[in-house]
Every structure is written in C-alpha cells, then in structure tokens.
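For the single chain, residues carry numbers from 1 onward in sequence order. Read the numbers this way: they start at 1 and go in the same order the structure lists the ligands and their atoms. Bear in mind that the values here come from a model prediction, so they are computed numbers and not experimental data.
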Amino acid sequence: MIRIVFATNNANKVTEMQAAIGSSLDVISLREAGIDIDIPEPHDTLEANASEKSRTIHQLTGENCFSEDTGLEIDALNGEPGVKSARYAGEDKAFGKNIDKVLSKMGDTTHRSARFRTVISLIWNKQEYLFEGVCEGRILTERQGEGGFGYDPIFVPDNSNRSFAEMNIAEKNQYSHRRKAADKLVLFLQNQTQNA
Ligand code: IMP
C-alpha cells in the first residue's frame, strides 16, 4: 500500500479525506508522522498556501505528501471569506465567530450563492501537482444542524435542502469540494502506481 503524509492538523479533514480515498492509500496525519508544527498560510491564494504546506512537510520528512487549502467564496461578499476562511473573524480561528461574521455581513440579502473550493498540492517523487474541487451552493440565513465543522451549519450544496452540518460524512462526500479534489488525487496516484 502507498504511504502518503497528509499535511494537516485538522482531524476532521483527515477523517473526511481517508473516507474519500478509501483503502487504496495509507494516509498518515502529521501527528502520526511525528510532526508538531502549525504551518503558516500567509499567501493570498489557496494554491500558494497549499504549495507552501506540502513543500514544508516534504522538506521535513522527505516523503511523498499532500496538503489542501479550502475557502468559502461568497458572491455577495465579493468572494470573501475565501483564502481568509479560517481566520475571518480573528486569529483564534473560531468557527462560531466566523459564521456570525458571515451572517451579519450578509444580512437579509437574497443573493446567497457561494461555493467551497479546495486545492490539493501533491508532492510526488519530488514534483508538485495541483488538483481542484468545487462545490456550488448557498448560504442560509441561520444555522441548521449540529454536525461537521467550520461553515457547515450555514452551507447548503446545490441539489439538496439540507446543510452540510445535517449530513453524515458519506452524505457530505456526495457533494464535497474536498471529495472532488481527492478523487482527482486518487486517480492520478492510481495511474502513477499502475504505470510504475
Ligand atoms: P483550511 O485553511 O483549508 O483549513 O480551511 C479554512 C477554513 O475553511 C476552515 O477553518 C473552515 O472554517 C473552513 N472549511 C474548510 N473546509 C470546510 C468544510 O468542508 N466545511 C465547512 N467549512 C470548511
């Protein structure tokens, strides 16, 4: 089985990604790889932040690895919070405060379209590859559901009337931005290993 390090400290993401990838890859979290650092995300694009994370971990471990960066892009807020999604309401990265800020900035506008966009940066045999996944949807006027993380309680994907926070991981993965990017990553790795 191929071993690969996932450059994140977010346990929810590791669970989602392992569910998306299935048993074809052995996904190792940073903690399992013995690394305890908070990787900076200083750039103004998801792509640049994802690259920085995977390159940092590759330098530390020498192993094949990947990272991902995700942003929620709300049309009525000119694409905010976007690359600032984690720290939208402050450096403490508090999910609750971030949601409050979005809801208050949007007010009762009926223009509620938004999307989650994920970029994965893979370092494979010392080369970098990027994969993107997008999930279109809309922002609710108030929270719905208890599950998930981040902006899940206020985001409803297209073709559903339930928020991500009302879905289990398998359901969320039918729509998820992260799942779509992960599918591309898995396909790439399957091709690489089959042709090796
Ligand atoms: P990160 O920089 O990739 O960790 O993601 C930035 C922020 O986007 C996170 O702190 C979450 O608030 C939010 N986020 C990322 N993925 C999701 C998701 O699948 N659902 C809800 N919020 C998410």
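Clustering ILVMFWY residues whenever any of their side-chain heavy atoms sit less than 4.5 angstrom apart, transitively, puts Y175 in the very cluster that holds I139. The cluster map of Ile, Leu, Val, Met, Phe, Trp and Tyr, joined by side-chain heavy atoms under 4.5 Å apart, puts V83 and I74 in different clusters.
Using a non-hydrogen distance threshold of 4.0 Å, N10 does not register as a contact of ligand 1. Taking a 4.0 Å cut-off on heavy atoms, R87 fails to register as neighbouring ligand 1. For the ligand labelled ligand 1, residue D69 lies inside the 4.0 Å heavy-atom shell.
Counting only heavy atoms from C-beta outward, the side chains of T141 and R112 approach each other to under 4.5 Å. Inter-residue side-chain proximity for D69 and T118 is flagged as unmet; no heavy-atom pair is nearer than 4.5 Å. Counting heavy atoms from C-beta outward, M167 and S160 have side chains that approach closer than 4.5 Å.
For atom 23 (C) of ligand 1, the closest heavy atom belonging to the protein is F116 CE2, 3.6 Å. Looking from atom 20 (N) of ligand 1 to the surrounding protein, the closest heavy atom is D152 OD1, 2.6 Å. What sits closest to atom 14 (N) of ligand 1 on the protein, heavy atoms only, is F149 CE1, 4.0 Å. Among protein heavy atoms, atom 6 (C) of ligand 1 sits closest to T70 O, 3.4 Å.
For ligand 1, the atoms lying closer than 4.0 Å to a non-hydrogen atom of K172 are 18 (C), 19 (O), 20 (N). Of all atoms in ligand 1, listed by their number and element, those nearer than 4.0 Å to a heavy atom of K13 are 1 (P), 3 (O), 4 (O), 5 (O).
The distance from atom CG of D100 to atom OH of Y88, rounded to the nearest 0.5 Å, is 12.0 Å. We find the CZ-CD distance between R55 and E128 to be 4.5 Å, quoted to the nearest 0.5 Å. Expressed to the nearest 0.5 Å, how far CG of L30 lies from CZ of F6 amounts to 9.0 Å.
Of the candidates R178, K84, E41, the one placing a heavy atom closest to atom 16 (N) of ligand 1 is R178. The closest heavy-atom contact to atom 10 (O) of ligand 1, among the options S85, P153, A86, A94, comes from A86. Between atom 22 (N) of ligand 1 and the options F95, F164, Y151, the minimum heavy-atom separation is to Y151.
Here K93 has no heavy atoms under 4.0 Å from ligand 1, in either its backbone or its side chain.
The side-chain tip of K172 points at the ring of F164 from less than 6.0 angstrom away and within 45° of straight on.
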